[in-house]
There are 2 protein chains.
Amino acid sequence: MRIGELAARAGTTTRTLRYYEARGLLPARRDDKGHRTYDEGDLRLLRQIRTLQDFGFDLEETRPFVECLRAGHPEGDSCPASLLVYRRKLDELDALIGQLTAVRETVAGQLRRAERARDALAAEALVPGGPEPVCELGGLTR
Amino acid sequence: MRIGELAARAGTTTRTLRYYEARGLLPARRDDKGHRTYDEGDLRLLRQIRTLQDFGFDLEETRPFVECLRAGHPEGDSCPASLLVYRRKLDELDALIGQLTAVRETVAGQLRRAERARDALAAEALVPGGPEPVCELGGLTR
DNA sequence: GCTTGCCTTGACGCCGACGTCAACACCTAC
DNA sequence: GTAGGTGTTGACGTCGGCGTCAAGGCAAGC
């Protein structure tokens with residue numbers, strides 16, 4: 001199979017495959033015309049890469065999985081190096097999710113505070129005899 | 001105050017300030033020597049920008065807050081446009097956290113599965129009269 | 001013969017938020 | 001005088017994962 005077919009079967013592009021080869025991740029054999037040739041095993045490697053990429057793994061993080069498969073192991077994660085990557089990624093995800101959740105709460109708090117301040121100003125402006133409006137209130141009044 | 005002092009007081013760099021000016025976010029007055037000059041108000045604007053940046057807001061997303069402050073409002077989020085950015089960011093964060101959490105669970109499941117497979121293989125290898133080891137088990141055996 | 005389609009290599013573009021370096025001007029201190 | 005610290009503009013580099021274009025080769029079909 002040549003590069004176009006492999007790309008199509010994996011749902012990616014030829015540019016991506018050439019990039020992987022340049023990175024040493026998915027080397028290709030060549031036919032007599034200098035065209036890259038791949039087999040079903042390469043498709044398996046490629047699918048492993050793409051799956052991990054979809055999970056947010058860096059390309060370099062997929063390397064242990066690919067090498068594990070190429071070494072003849074039944075799965076990309078049949079090797080200790082792959083398990084280490086899994087654990088490292090889990091730690092990263094936990095840290096990131098924690099940070100994002102904290103930011104989310106902070107932003108939500110800021111939004112509530114800002115909305116209360118806005119409503120307080122709007123209420124004040126409606127009180128007869130209350131303080132006269134200072135400025136245009138950011139478009140709220142019209 | 002000149003650019004170096006403002007940068008130091010905001011805990012950032014002169015390069016960053018020049019970048020903000022180039023983006024039209026934080027324009028500077030000039031003194032007779034062509035040097036940028038800033039006042040305390042600019043420091044306030046800059047701190048608003050940096051706070052939002054720390055939360056993961058894009059530079060463009062900080063613009064409504066900066067313009068709100070520059071329009072004389074008491075806070076950067078005293079304007080409706082800023083509240084919209086807050087809400088959009090909350091939605092983004094929720095979506096992102098949801099995706100990351102799903103990925104986290106998937107990866108955790110993969111890790112558990114791979115560890116079970118590894119342990120099963122190791123146990124098999126220890127059974128007297130069991131199947132002979134196929135290969136080197138990815139470094140587990142030594 | 002000519003177009004179409006697949007392949008090749010090489011090289012630049014992109015995104016965001018700056019870092020870094022070059023080459024120069026200015027002021028102060030020693 | 002000169003070294004050091006401040007400022008200026010301009011321009012290229014960074015990171016990852018490719019997209020996109022250029023210029024060319026080789027085969028099949030009309």
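Every chain is numbered from 1 and lettered A, B, ... according to where its sequence line falls, protein lines coming before strand lines.
Rounded to an integer number of Å, the gap from CZ of A/Arg2 to P of C/dC7 is 5 Å. Atom CD1 of B/Ile3 and atom C1' of D/dG5 are 15 Å apart (whole Å). At whole-Å resolution of the value, CD1 in A/Ile49 and C1' in D/dG16 are 15 Å apart. The separation between A/Arg30 atom CZ and C/dT8 atom P is 6 Å, rounded to whole Å. In this structure, CG of B/Asp31 is placed 17 Å from P of C/dA25, rounded to the nearest angstrom.
Five base pairs at each end of the helix from C/dG1-D/dC30 to C/dC30-D/dG1 define two local axes, and these are offset by 40° (rounded to 10°).
A salt bridge links B/Arg29 to B/Asp39: at least one charged side-chain nitrogen sits closer than 4.0 Å to a carboxylate oxygen. Using a 4.0 Å cut-off between charged nitrogen and carboxylate oxygen, A/Glu60 and A/Arg63 count as a salt-bridge pair. Under a 4.0 Å N-O distance rule, the pair B/Glu115/B/Arg112 does not qualify as a salt bridge. The existence of a salt bridge linking A/Arg44 and A/Glu75 is confirmed by a sub-4.0 Å separation between a basic side-chain nitrogen and an acidic carboxylate oxygen. A salt bridge links A/Arg113 with B/Asp77: at least one charged nitrogen is closer than 4.0 Å to a carboxylate oxygen. Between B/Glu21 and B/Arg15, no side-chain nitrogen of the basic residue sits less than 4.0 Å from a carboxylate oxygen of the acidic one, so the salt-bridge criterion is not met. Under the 4.0 Å criterion applied to side-chain N and carboxylate O atoms, A/Arg47 and A/Glu40 are not assigned as salt-bridge partners.
Sorted by residue number, the members of residues 14-29 of chain B with any non-hydrogen atom under 4.0 Å from DNA chain C read B/Arg15, B/Thr16, B/Tyr19, B/Tyr20. Contacts between residues 52-65 of chain A and DNA chain C, counted as heavy-atom distances below 4.0 Å, involve no residue at all. Residues from residues 34-41 of chain A with heavy atoms under 4.0 angstrom of DNA chain C, sorted by number: A/Gly34, A/His35, A/Arg36.
Applying the ring pair (Phe, Tyr, Trp, His ring centres under 6.0 Å) test to pairs two or more places apart or on separate chains, those with a residue in residues 77-101 of chain A are A/Phe65-A/Tyr86. Annotation: ring pair (Phe, Tyr, Trp, His ring centres under 6.0 Å) contacts involving residues 5-46 of chain A, sequence neighbours excluded, are absent.
Distance check, rounded to the nearest 0.5 Å: CG of A/Leu96 to CZ of B/Arg104 gives 12.5 Å.
Put simply, the side chain of B/Thr14 never gets that close to the backbone of B/Ile3: no donor and acceptor are under 3.5 Å apart. Side-chain atoms of B/Gln110 do not come within 3.5 Å of backbone N or O of B/Val107 as any donor-acceptor pair.
Put simply, B/Leu52 and B/Ile49 are part of two different groups of oily side chains (I, L, V, M, F, W, Y) that touch within less than 4.5 Å, one to the next.
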